[in-house]
Amino acid sequence: MDSARLALQARNKNIHVHTEEHETTQRIDPSFTSAPAGLTGRWVSVQKRFPSVRAKGKWQLQANWNGSCISELELVGHHHQPARGFSNPREKTFEENCRPGNNNNNAEVVGSSQRREHFPMMSPFSFLAVLLLGLGFRIHGANALSGYQINCGAGAERVFGNVTWLPDARFIATGNATDILIPSPAAATMATPTLSSLRYFPDASPARKHCYVVPAAKSAKYLVRTTYYYGGFDGGAAPPVFDQIIDGTRWSQVDTARDYARGRATYFEAVVVAAGKVVSVCLARNAATAPGSSPFISALEVVPLDDSVYNSTDFASYALSTIARHSFGHDGGSLVVSGDAGDEFSRYWEPYSDGTSPVVESQGSVAPGAFWNRPPEGVFRRGVTASRGDVLELHWPPAPLPSATYYLALYFQDNRTPSPLSWRVFDVAVNGEAFFAGLNVSTAGSMVYGAQWPLSGQTNITLTPAPGSPVGPVINAAELLMVVPLGGRTHPRDVIGMETLARGFVNPPSDWSGDPCLPVGNSWTGVSCSQDPLARVTALNLTNFNVGGSISDHIANLTAISSIWLVGNNLTGQIPDTSPLHHLADLHLENNQLTGPMPPLLGDLPKLQQLFVQSNNLQGPIPDNLKNKPGLTFQYTPGNNLS
């Protein structure tokens, strides 16, 4: 071994591996690879099979050498099947007690995607709800952001600080823009223009939903935030109630009456992964929408998130909806973080104080990039604590929770001046159940999370100090998001077909945007779909809808369709090739302005029973396979010049 290297002082270590279904102790026997002299940071130490961890292939142990001892150990899976309790292919990082007097003879490794995981000081890797709590707030400015910040109903672009708020006309084709009649009492302190105008969707509209369509990168993760401030725009006394939808999932009901009565706006947040090249956010009436009232929206934000944020969630099957996000030790109604200490993704961190726990101010800083969720530095500047030897108990979040599964993340930092003795150890429990045992919090900060934690009713967080801990426990911030199964989506093949069809039409129905089939009850007007996990378009009926334009060739994408009725419109151009539509039984194109020949492959459709093309301007010979097709009712007169 190169003499210029510094040997690691912890060989032959016992690594305790605990998963949901198995527990084992493995001795790491081979010589550790050494860290280069003077080098601190993560480096590979050894590879060893962990046969008791149910995964094929090797788990690689990595260590973080801080110059005197191991501060982190990491199990990295290189395998084809995910191990029980570990996510594939994520790395899981765990801390050893790296502090004076500890020789690091054992490391506790806890890896449970269902329960608790501790990720102190780790580099991040380069993720809707039926019910939200409808949190009221007073809006403050944000730092420069990527993504889209949309000022609904605004007529022009407006810049506030480093944030450019865009008018919404490029993202939606329906609804009416208006200024609000009753300004928010918070208007004097706001640094955004988003509560002075809105877009509403009149009661007379027959649309099943009204969708904003925002460009996105496929498979990228986004924070979606909608903001509502009624302002008496329609002359009514109370805001309307309605649904909001993201893509094919019914997100939540929007009822802003309580917040509006207190002079506050209401916001909702969700975290989703884009299934395609757009994210659609829609409003729709529901059974609680009063006659004559109109759904409305004040602002929409779609902000890309780093891949590491909330990365334990399976976003192919679930989304997250924000229930609460608080910075502890603050009073008042304003958001906590702003300026250089603000959240890089514009997440709102609201103030929280129980009024009894002592508040501490931090003497050190943390690096947000060291945490997967990248919390802003500002939320670590204060925290709540208890005296040495005392238990700290918080009733958080303040409102009772509906019974569901949640993502819970807790953030901690030792508030004292950094020193070799700047550590404190305590246990974390949620509703009396162990969440994490022996949490060692330093001035660098720590995060503990549960990716799928069942909660119901009032939630209590209890921090119990370890015997001999020199100071009491402390907590700085917390996030709680509901884990929500996605409502499905339309088959990508059909989405392409329907979107291209819509682009070829002139004056299509106003709700022809967003997901064509979902949610159930909010499909596009005239569109019927299957109930498969990937919904398929099974019928299209736009009879007498005054639709112009042409019929796109991409209608051939709708390979599950059995009925097409485009009767009595102003369609021009030729009848497209429909030969892939093997389930098509009824094709009604009469009373339009179609031209050109009859497609010869129509007669080869195995299930075609009705073909009506009269009162068009078609010309040329009728293919023999249409003339002689058994069981086909074929009507091509009056009109046309077919023979």
Side-chain angles (χ1 to χ4, degrees), residues 132 134-145 147-203 205 210-214 223-242 244 254-269 281-283 293-303 332-335 337-339 342-343 346-348 350:
L132 286 175
L135 302 170
F137 71 106
R138 300 177 187 273
I139 303 177
H140 286 257
N143 293 328
L145 293 172
Y148 296 88
Q149 292 76 45
I150 301 170
N151 187 8
C152 301
E157 184 177 290
R158 300 181 68 181
V159 178
F160 280 71
N162 291 326
V163 179
T164 300
W165 289 91
L166 304 173
D168 65 346
R170 62 181 278 200
F171 304 100
I172 192 166
T174 65
N176 299 333
T178 186
D179 293 332
I180 62 173
L181 301 177
I182 305 172
S184 164
T189 63
M190 291 187 306
T192 76
T194 57
L195 303 189
S196 59
S197 65
L198 56 79
R199 182 171 293 272
Y200 69 97
F201 306 93
D203 178 56
S205 170
H210 308 274
C211 296
Y212 283 82
V213 178
V214 181
L223 174 77
V224 177
R225 180 162 55 233
T226 53
T227 303
Y228 302 91
Y229 184 73
Y230 173 55
F233 75 90
D234 57 0
V241 178
F242 49 91
Q244 56 183 355
V254 178
D255 185 353
T256 64
R258 184 176 65 175
D259 288 332
Y260 179 67
R262 295 188 294 175
R264 296 181 176 182
T266 303
Y267 75 90
F268 300 84
E269 282 183 0
V281 180
C282 313
L283 307 182
S293 63
S294 302
F296 70 96
I297 184 169
S298 302
L300 169 62
E301 298 165 76
V302 179
V303 179
S334 298
L335 301 181
V337 293
S338 60
D343 192 295
S346 189
R347 292 170 295 188
Y348 291 157
E350 298 195 18

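The model shown is predicted, which means the values in this text are computed figures rather than measured ones.
In this structure, L198 and I180 have side chains that are in contact, with non-hydrogen atoms separated by less than 4.5 Å. For the pair L166 and D168, the minimum side-chain heavy-atom distance is 4.5 Å or more. When side chains are defined from C-beta on, I297 counts as touching T226, because their heavy atoms get closer than 4.5 Å. Contact of the P167 side chain with the N151 side chain is not registered, since no non-hydrogen atoms from C-beta on lie closer than 4.5 Å. With contacts defined as side-chain heavy-atom distances shorter than 4.5 Å, the pair V224/E269 does not qualify. Looking at heavy atoms from C-beta onward, T266 lies in side-chain contact with F268 at the 4.5 angstrom threshold. Using a 4.5 Å heavy-atom cutoff, the side chains of I150 and V214 are in contact.
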So F201 and F296, ring pair (Phe, Tyr, Trp, His ring centres under 6.0 Å) or not? Walk me through it.
CA-CA 6 Å; F201 306 93; F296 70 96; 9.6 Å; no

Evaluation steps, side chain to side chain donor-acceptor pair (under 3.5 Å), between Y267 and E301:
CA-CA 11 Å; Y267 75 90; E301 298 165 76; over 6 Å; no

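Counting only distance, with no hydrogens or angles, the side chain of S197 and the backbone of C152 share a donor-acceptor pair below 3.5 Å. Panel note: side chain R199, backbone A154; no donor-acceptor pair is recorded below 3.5 Å. Of the possible polar contacts, none joining the T256 side chain to the Y228 backbone as a donor-acceptor pair under 3.5 Å is found. For the pair D255 (side chain) and V241 (backbone), a donor-acceptor distance under 3.5 Å is absent.
A distance of 11.0 Å separates CD in E157 from CD in Q149, rounded to the nearest 0.5 Å. For the atom pair CG (D234) and CG (N176), the distance works out to 12.0 Å, reported to the nearest 0.5 Å.
The distance between the ring centers of Y230 and Y260 falls below 6.0 angstrom.
Between Y148 and the choices Y212, F171, W165, the ring pair (Phe, Tyr, Trp, His ring centres under 6.0 Å) rule is met once, by F171.
Taking the six-membered ring for Trp and thresholds of 30 and 60 degrees, Y200 and F233 have ring planes inclined between 30 and 60 degrees apart.
The side-chain tip of R225 points at the ring of Y348 from less than 6.0 angstrom away and within 45° of straight on.
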